[in-house]
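Right, one structure below, let's go through it.
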Amino acid sequence: MTVTIRPALPRDVRAINALVEPLSHEGILLGKDLVSYYEMVQEFQVAVDDAGDVVGCGALHVMWEDLAEVRTLAVRGDQRGTGLGHRLLVALLARALQLGLSRVFCLTFEVEFFARHGFREMTDEVDPEIYAQLLRSADEGVAEFLDLARVKPNTLGNTRMILTLEDFPDTAS
């Protein structure tokens with residue numbers, strides 16, 4: 001079976017939701033309403049098999065001039081362990097480079113997966129000027145990045161990780 005990765009289309013939203021929903025019930029991913037997926041469909045890449053079924057997805061959400069977040073990286077159960085998650089992540093990181101970004105953040109339970117791709121636990125402080133600007137965002141991902149107390153109940157056990165793109169060999173130019 002061949003799997004192709006491409007930008008998501010509005011017609012893919014229900015399939016993205018179907019991939020994420022079981023993982024949200026397990027507490028692995030945060031679920032979203034369909035309207036949220038439609039609003040951010042342009043951030044998603046999808047993996048599509050020969051039959052046209054969406055078997056994986058992931059999103060890249062820009063947070064600042066040099067920073068984005070990998071969100072909603074999911075692979076259908078029968079595709080786990082095939083390298084598809086790696087391929088989706090590489091596609092998202094390549095998009096980050098196209099956008100001129102230098103760092104990518106994630107909030108994850110899959111620490112080993114992201115560590116294998118060069119992500120490390122976040123320990124860096126955010127520049128105070130940038131912090132003040134980011135505080136104005138209503139986006140929950142920004143709140144997660146800043147490690148704000150108001151998102152703690154939804155993120156317990158997750159690890160904040162970051163990658164400097166120049167450190168990722170598959171995307172370095």
Side-chain angles (χ1 to χ4, degrees), residues 5 7-8 16-17 19-32 36-37 39-47 56-76 79-127 130-131 134-135 137-172:
I5 296 175
I16 291 169
N17 186 62
L19 280 173
V20 174
E21 192 171 340
L23 297 171
S24 70
H25 291 301
E26 293 177 44
I28 296 170
L29 290 177
L30 292 176
K32 295 179 179 61
S36 296
Y37 289 125
E39 289 173 344
M40 59 186 184
V41 69
Q42 69 279 1
E43 297 180 359
F44 274 88
Q45 295 284 317
V46 291
C57 65
L60 183 75
H61 179 77
V62 175
M63 297 170 63
W64 197 250
E65 66 186 324
D66 67 337
L67 177 68
E69 178 184 10
V70 169
R71 294 182 171 178
T72 321
L73 186 60
V75 174
R76 196 171 71 189
Q79 292 294 313
R80 292 194 186 121
T82 65
L84 184 54
H86 166 78
R87 289 180 55 206
L88 280 162
L89 181 57
V90 169
L92 295 171
L93 298 177
R95 178 67 180 138
L97 282 173
Q98 289 172 346
L99 292 170
L101 304 174
S102 60
R103 299 177 300 151
V104 178
F105 160 78
C106 70
L107 183 70
T108 186
F109 289 109
E110 301 295 332
V111 173
E112 289 181 26
F113 172 81
F114 283 97
R116 283 194 310 269
H117 293 87
F119 284 77
R120 59 178 169 68
E121 269 192 63
M122 271 189 63
T123 56
D124 304 338
E125 293 293 321
V126 178
D127 176 271
I130 295 171
Y131 186 91
L134 289 173
L135 275 177
S137 174
D139 185 272
E140 290 299 307
V142 172
E144 293 162 354
F145 175 75
L146 297 175
D147 203 24
L148 299 179
R150 69 180 168 86
V151 295
K152 293 289 187 205
N154 293 328
T155 61
L156 290 176
N158 284 352
T159 301
R160 294 180 326 136
M161 300 184 81
I162 197 154
L163 169 72
T164 301
L165 288 171
E166 66 188 25
D167 294 338
F168 188 64
D170 288 355
T171 60

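Side chains are part of it too, since the values below use all heavy atoms of this structure and drop only hydrogens, waters and symmetry mates. The first residue of the sequence shown is numbered 1, and numbering continues consecutively from there.
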Write down the atom of [X], the atom of [Y], and the distance for their closest heavy-atom approach.
X	Y	answer
Leu165	Ala96	CD1-CB, 3.8 Å
Phe119	Phe105	CE2-C, 4.3 Å
Phe109	Ile28	CD1-O, 3.6 Å
Gly31	Ser24	N-CB, 3.5 Å
Ala91	Ile5	CB-CG2, 4.0 Å
Val46	Pro7	CG2-O, 4.3 Å

Steps toward side-chain contact (heavy atoms from CB on, under 4.5 Å) verdict (Lys32, Val20): CA-CA 9 Å; Lys32 295 179 179 61; Val20 174; over 6 Å; no
Distance check, rounded to the nearest 0.5 Å: [X] atom [atom1] versus [Y] atom [atom2]?
X	Y	atom1	atom2	result
His117	Leu92	NE2	CG	11.0 Å
Gln42	Glu39	CD	CD	9.5 Å
Leu88	Leu93	CG	CG	11.0 Å
Ile162	Leu67	CD1	CG	5.5 Å
Cys57	Leu29	SG	CG	8.0 Å
Arg103	Leu163	CZ	CG	11.0 Å

Taking side chain to side chain contact (heavy atoms under 4.5 Å, CB included) as the definition, give me every residue that meets it alongside [X], ordered by chain and number, with sequence neighbours left out.
X	value
Glu112	Arg116
Glu110	Thr108, Phe113, Phe114
Leu99	Leu60, Val62, Arg95, Leu101

